[in-house]
Trainee: 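Have a look at this one.
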Amino acid sequence: MRILGFGKKDAVTAHEEEVNYVGQTITFKVIGYIAMFFSLALILVPIYWIVLASFKTAGDIYVNPATYWPNPPTISNYATVQTDLAFNTYLRNSIIITVFLSSIKIALGVTSAYALALLRFPGRNLIFLMVIASLMVPNQITVISNYALIASLGLRNTFLGIILPLAGTAFGTFLMRNHFLSLPTEVIEAARMDGAGPIKLLFRVVLPMSWPTLSAFALITIVNDWNEYLWPFLMSDDERTAPIQIGLTFLQNNEGLTNWGPVMAGTVLAVIPVLIVFLILQKNMIKGLTSGAVKG
């Protein structure tokens, strides 16, 4: 019995050593913690400074040397955002643009990826190569041609003029296609043998197995659309269609002087909606981005 017990203990110890082999050395752990510290500092220090400045008075912001806590703290900057800027209107515009644009991108990404991954038709691989090639083209290259087209159609300063040129989603097609190809072929074939057509197969079989990746795709799309700046800036003339990022630009240039307190307060308010979406979808996003990374 002692021999059996000893052997079992050795097996457990060996398994633990195998699992934790990468992190056994103190040097590796120290390097890892230092890298994480600097990464967090690069991300959190600017965020801390933005939030800090939003509670500072104008004199406190420009004081030298800089202070690392508001003295005295004030919420007047948030009131200034509401009074000097049509903040609610810009926020409404951002929500409208993000909801419609993200919905179109998600729908196009899922359906095009489904067709390229699980349907059979001539030229499928060629179309996918064109999708991959479009990922290599920066959006800035198409700005002039898109601007000329939208202006000729009379769609400047309209939501439609902002949404249409941004509705393509090569990244979403690429991400979802690769995920669909990783799904168990046995399940797909069994559903087809049971008489499931393409639409039923997508909504009753494929999508229920794809929520983590779909959540990651949705979150990335929503964040990118919410933060879109260049094209809405070119298309918007006033507060009727301009999103909140453009509104903050108007606030920054107000009366020829930048009052950074209200600008930072507006930035904090602009981040809150997308932060809420991230907190809701973050677990599924992590699962989606890491799916397939570990076997078994």
Side-chain angles (χ1 to χ4, degrees), residues 8 11-23 32 36 98-137 166-226 274-296:
K8 183 178 180 181
V12 172
T13 304
H15 176 69
E16 291 177 351
E17 290 178 354
E18 181 182 356
V19 171
N20 299 317
Y21 177 77
V22 176
M36 286 190 294
T98 302
V99 167
F100 281 94
L101 183 56
S102 298
S103 299
I104 294 172
K105 282 186 174 182
I106 293 170
L108 289 177
V110 169
T111 53
S112 61
Y114 175 71
L116 292 172
L118 299 177
L119 301 183
R120 302 290 184 267
F121 57 90
R124 182 181 66 163
N125 293 331
L126 178 61
I127 293 175
F128 180 66
L129 287 177
M130 293 175 63
V131 171
I132 296 300
S134 67
L135 285 172
M136 311 301 171
V137 181
L166 299 176
T169 175
F171 167 76
T173 301
F174 173 76
L175 177 67
M176 296 305 299
R177 173 188 177 273
N178 288 347
H179 172 71
F180 290 158
L181 290 175
S182 70
L183 296 177
T185 56
E186 297 83 1
V187 177
I188 305 297
E189 294 301 327
R192 285 173 173 164
M193 292 180 63
D194 288 340
I199 303 299
K200 186 176 181 180
L201 180 64
L202 173 62
F203 288 99
R204 300 292 296 274
V205 178
V206 174
L207 285 183
M209 294 191 296
S210 306
W211 288 125
T213 303
L214 183 59
S215 298
F217 172 37
L219 181 57
I220 294 171
T221 301
I222 292 170
V223 171
N224 288 338
D225 293 342
W226 181 268
V274 75
L275 181 61
I276 294 174
V277 174
F278 172 76
L279 292 176
I280 294 173
L281 298 178
Q282 56 141 345
K283 287 186 178 180
N284 282 336
M285 176 186 176
I286 295 172
K287 291 179 182 178
L289 293 177
T290 58
S291 62
V294 180
K295 294 186 65 176

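Sequence positions, counted from 1, serve as the residue numbers for this chain. These numbers come from the heavy atoms of this one structure, side chains and all, not from hydrogens, waters or symmetry mates.
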Trainee: Rounded to the nearest 0.5 Å, how far apart are CD1 of Ile132 and CD1 of Ile127?
Mentor: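 Ile132 atom CD1 to Ile127 atom CD1 measures 13.0 Å (nearest 0.5 Å).
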Trainee: What is the minimum heavy-atom distance between Arg124 and Ala115, and which atoms define it?
Mentor: CD-O, 4.0 Å
Trainee: Roughly how far, to the nearest 0.5 Å, is OG1 of Thr111 from CD1 of Ile106?
Mentor: 11.5 Å
Trainee: Tell me, with the steps shown, if Ile220 and Phe171 meet side-chain contact (heavy atoms from CB on, under 4.5 Å).
Mentor: CA-CA 10 Å; Ile220 294 171; Phe171 167 76; 4.1 Å; yes
Trainee: With sequence neighbours left out, what residues match Ala167 under side-chain contact (heavy atoms from CB on, under 4.5 Å)?
Mentor: Leu101, Ile104
Trainee: Any side-chain to backbone donor/acceptor pair from Tyr114 onto Leu207? Under 3.5 Å, distance only.
Mentor: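 Flag not set: sc Tyr114 to bb Leu207 has no pair under 3.5 Å.
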Trainee: Give every residue pair that meets the salt bridge (charged side-chain N to carboxylate O under 4.0 Å, His left out) criterion with at least one member in residues 175-187, sequence neighbours excluded.
Mentor: none
Trainee: Rounded to the nearest 0.5 Å, how far apart are CG of Leu202 and CG of Leu118?
Mentor: 8.5 Å
Trainee: Judged by atom type as modelled, is there a donor-acceptor pair below 3.5 Å linking the side chain of Thr169 to the main-chain atoms of Gly172?
Mentor: yes
Trainee: Measure the acute angle between the ring planes of Phe174 and Phe128, then classify it against the limits of 30° and 60° as parallel, tilted or perpendicular.
Mentor: parallel
Trainee: Heavy-atom count check: over 12 atoms from other residues, nucleotides or ligands less than 6.0 Å from Met36 CE?
Mentor: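 Result for CE/Met36: enclosed.
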Trainee: Which residue pairs pass the salt bridge (charged side-chain N to carboxylate O under 4.0 Å, His left out) test with at least one member in residues 193-216, sequence neighbours excluded?
Mentor: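 Listed by first then second residue: nothing to list.
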Trainee: Could you work out, with salt bridge (charged side-chain N to carboxylate O under 4.0 Å, His left out) as the rule, every residue matching Arg192, not counting sequence neighbours?
Mentor: Glu189
Trainee: Looking only at heavy atoms, what is the nearest atom pair of His179 and Met209, with distance?
Mentor: NE2-O, 3.7 Å
Trainee: Using side-chain heavy atoms (C-beta onward) and a distance below 4.5 Å, is Asn178 in contact with Ser182?
Mentor: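 No. Closest side-chain heavy atoms not under 4.5 Å.
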Trainee: Under the salt bridge (charged side-chain N to carboxylate O under 4.0 Å, His left out) definition, can you give me all pairs with a residue in residues 206-226, not counting sequence neighbours?
Mentor: Lys105-Asp225
Trainee: State, to 0.1 Å, how close Ala191 and Val205 come at their nearest heavy-atom pair, and which atoms those are.
Mentor: CB-CG2, 3.8 Å
Trainee: For Thr173, give me all partners under side chain to side chain donor-acceptor pair (under 3.5 Å), at least two apart in sequence or on another chain.
Mentor: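 Partners of Thr173 under the side chain to side chain donor-acceptor pair (under 3.5 Å) test: Ser112.
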Trainee: Determine the minimum heavy-atom distance between Phe180 and Ser210, stating which atoms define it.
Mentor: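 Closest heavy-atom pair between Phe180 and Ser210: CE2-OG, 3.5 Å.
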Trainee: Mind checking whether Val206 and Ile188 have side chains closer than 4.5 Å, heavy atoms only?
Mentor: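 A side-chain contact exists here, since the closest heavy-atom pair is under 4.5 Å.
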Trainee: Find the distance between OG (Ser215) and CD1 (Ile280) and round it off to the nearest 0.5 Å.
Mentor: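 Answer for the OG-CD1 pair, Ser215 versus Ile280, is 11.0 Å.
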